[in-house]
Protein chains: 2
Amino acid sequence: MATGRTHRPATRSRGIPEATVARLPLYLRALTALSERSVPTVSSEELAAAAGVNSAKLRKDFSYLGSYGTRGVGYDVEYLVYQISRELGLTQDWPVVIVGIGNLGAALANYGGFASRGFRVAALIDADPAMAGKPVAGIPVQHSDELESIIQDNGVSIGVIATPAGAAQPVCDRLVAAGVTSILNFAPTVLTVPDGVDVRKVDLSIELQILAFHEQRKAGEEATARTSAPAPAAARRDSATDQGPDGDVPAVMPA
Amino acid sequence: MATGRTHRPATRSRGIPEATVARLPLYLRALTALSERSVPTVSSEELAAAAGVNSAKLRKDFSYLGSYGTRGVGYDVEYLVYQISRELGLTQDWPVVIVGIGNLGAALANYGGFASRGFRVAALIDADPAMAGKPVAGIPVQHSDELESIIQDNGVSIGVIATPAGAAQPVCDRLVAAGVTSILNFAPTVLTVPDGVDVRKVDLSIELQILAFHEQRKAGEEATARTSAPAPAAARRDSATDQGPDGDVPAVMPA
DNA sequence: GGTTGTGAAAAAATTCACAGCG
DNA sequence: CGCTGTGAATTTTTTCACAACC
């Protein structure tokens, strides 16, 4: 889960479990693909496969939304697209601002998945005066001095932070002060926000680290060559439960 | 949770719960920051705050790794950094390739968080011949024709896919055929892989959709104005559990 | 006194398995 | 029959709360 919330576990979602909410976008994407291929109906089995989950979970998830299927038949694709979109709030227009127009900010600005889902990039904001006026993805970058007025003039409630780590918290504070209540944070920092503000984070390296963990386990099914630990320090070790039973650093990976 | 696995729930982690594994990188990041400030020890309470979780959870997580703390004192920062790094497999060098050097691929290539965590960008690969040879983040882009040889020559086991959605599955197939066993997928598609290959996905728009869901809930605490649904289709509705109890699309957001 | 480590309790999420309906 | 919707069972994750230990 490359996510995380600071404060409040978010409005506790009127009954829909958080885990289900997190999967709705997945279903929506799969359904949209079917819709584009003009597939009229789909069974839980098929849709589950397309979304990469199992069908029991999918049916359970949908059961929290209502009874939108037809027994013996499946789900009407268009209808379900609408219901999920509505549930996710994507039937309305969400103006978002992206702060920090480096490589990542530019990638986000160009990312088609936003526009197609009810999100509208209302403004790109960067602290570098040299960027001001330069168009990225067809939108001129504005200087951060204007942050507050941009938020207010456009009624922006969702902000995306793609700045370096050091700038993230100050930017976050300004966004919140200006009225933003949801923040998507790409900077590798934990943001502190007041109650009532949601933060989700995407940390590009976290996912890679989780992969490394599993990768190591695949490779290290045998090796137990002990490489010396870099000298603890203050607290010394004695307990027997100290080191996990499996080896460490297998030297190379299998071709 | 911007994540997901296709096939195998991954080697079931020799006892360490998946939820814990997913938090280790978080702890590591917080610890690294403390280490840079030369803080020698930290309590579960402090570290938990820095990582954005609660302290009971953190202690429980650490308990799966072993008894690395000192009662009445806390945890030795350096020692814990090492233990977590080792557990995650970050004490070894992981060569990775990034396929698809658009905005996002470039952002990833430039992302400092990789190098600092044991990941080494072994190659950048793009299908566009015009890109070949151009350096991005100091690394010359190579043409996809070379994909297989690059993987093999560098012993790459982790691949990052940052191509457009349509190219993702073919690229994935080639990566896997060439020996890659872990894939981080940024393309908005579900990848199909054989058993033994791990896939994690990061979908930039999914997180935003989850935020929209909560945002909608905050705003829509009152409104119940019904906007007409866009005509179901095949299966018609009749059940009483049809529509969720709360309204839909609140018009605008609060300034 | 302060803080960890962890059983035990509680809550959440997943899976099973099948009744019920089309 | 086929497939949904869902209670019940199971598994996983989180939280509590306190004994053990420095």
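In what follows, chains carry the letters A, B, and so on, assigned in the order in which the sequence lines appear, proteins first and then strands, with residues in each chain numbered from 1.
By the side-chain hydrogen bond (donor to acceptor under 3.5 Å, both in side chains) test, A/Thr163 pairs with no residue at all, sequence neighbours left out. Every residue two or more places apart in sequence or in another chain was checked for a side-chain hydrogen bond (donor to acceptor under 3.5 Å, both in side chains) with A/Asn54, and none qualifies. Under the side-chain hydrogen bond (donor to acceptor under 3.5 Å, both in side chains) criterion, A/Thr181 pairs with B/Glu215, sequence neighbours left out. B/Ser63 pairs by the side-chain hydrogen bond (donor to acceptor under 3.5 Å, both in side chains) definition with nothing, not counting sequence neighbours. For B/Phe186, there are no ring pair (Phe, Tyr, Trp, His ring centres under 6.0 Å) partners two or more places apart in sequence or in a different chain.
Listed by first and then second residue, the salt bridge (charged side-chain N to carboxylate O under 4.0 Å, His left out) pairs involving residues 47-70 of chain A are A/Arg23-A/Asp61 (not counting sequence neighbours). Listed by first then second residue, pairs satisfying ring pair (Phe, Tyr, Trp, His ring centres under 6.0 Å) with a partner in residues 25-58 of chain A read A/Tyr27-A/Phe62, not counting sequence neighbours.
The phosphate of C/dT4 has OP1 or OP2 within less than 4.0 Å of a side-chain N or O from B/Ser44. Residue B/Tyr75 has a polar side-chain atom (N or O) positioned under 4.0 Å from OP1 or OP2 of C/dG5.
Protein atom CG of B/Leu58 is 10 Å distant from nucleotide atom P of C/dG5, rounded to whole Å. Put simply, CG on A/Leu24 is 13 Å from P on C/dA13, counting in whole angstrom units. Per the geometry, CD1 belonging to A/Ile16 stands 15 Å off C1' belonging to C/dA13, to the nearest Å. We find that CD of A/Glu45 is positioned 12 Å from P of C/dC16, with the value rounded to whole Å. Rounded to whole angstrom, the span from the CZ atom of A/Phe62 across to the P atom of C/dT14 amounts to 14 Å. For A/Arg23 and C/dA12, the CZ to C1' distance is 11 Å, given to the nearest whole Å. Between the CG atom of B/Asp61 and the C1' atom of C/dT6 there is a distance of 13 Å, given to the nearest Å. Counting to the nearest Å, the P atom of C/dT14 and the OH atom of A/Tyr64 are 9 Å from each other.
Under the 3.5 Å distance criterion, with hydrogens and angles disregarded, no donor-acceptor pair is assigned to the side chains of B/Thr32 and B/Glu36.
Comparing the axis of the opening five pairs of the helix from C/dG1-D/dC22 to C/dG22-D/dC1 with that of the closing five pairs yields an angle of 10°, rounded to 10°.
In this structure, B/Tyr82 has its ring center at least 6.0 angstrom away from the ring center of B/Tyr79.
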**OP:** Would you give a per-nucleotide map of nucleotides 15-20 of chain D, 5' to 3', where B means the base has a protein non-hydrogen atom under 4.0 Å away, S means only the sugar-phosphate does, and - means neither?
**Re:** B-B-BB

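Taking the side chain of B/Ser43 as heavy atoms from C-beta on, and the options C/dT3, C/dT6, C/dG22, the nearest nucleotide is C/dT3.
Toward the 5′ end of DNA chain D lies the nearest nucleotide of A/Val73, the other residue of the pair B/Val73 and A/Val73 mapping further downstream.
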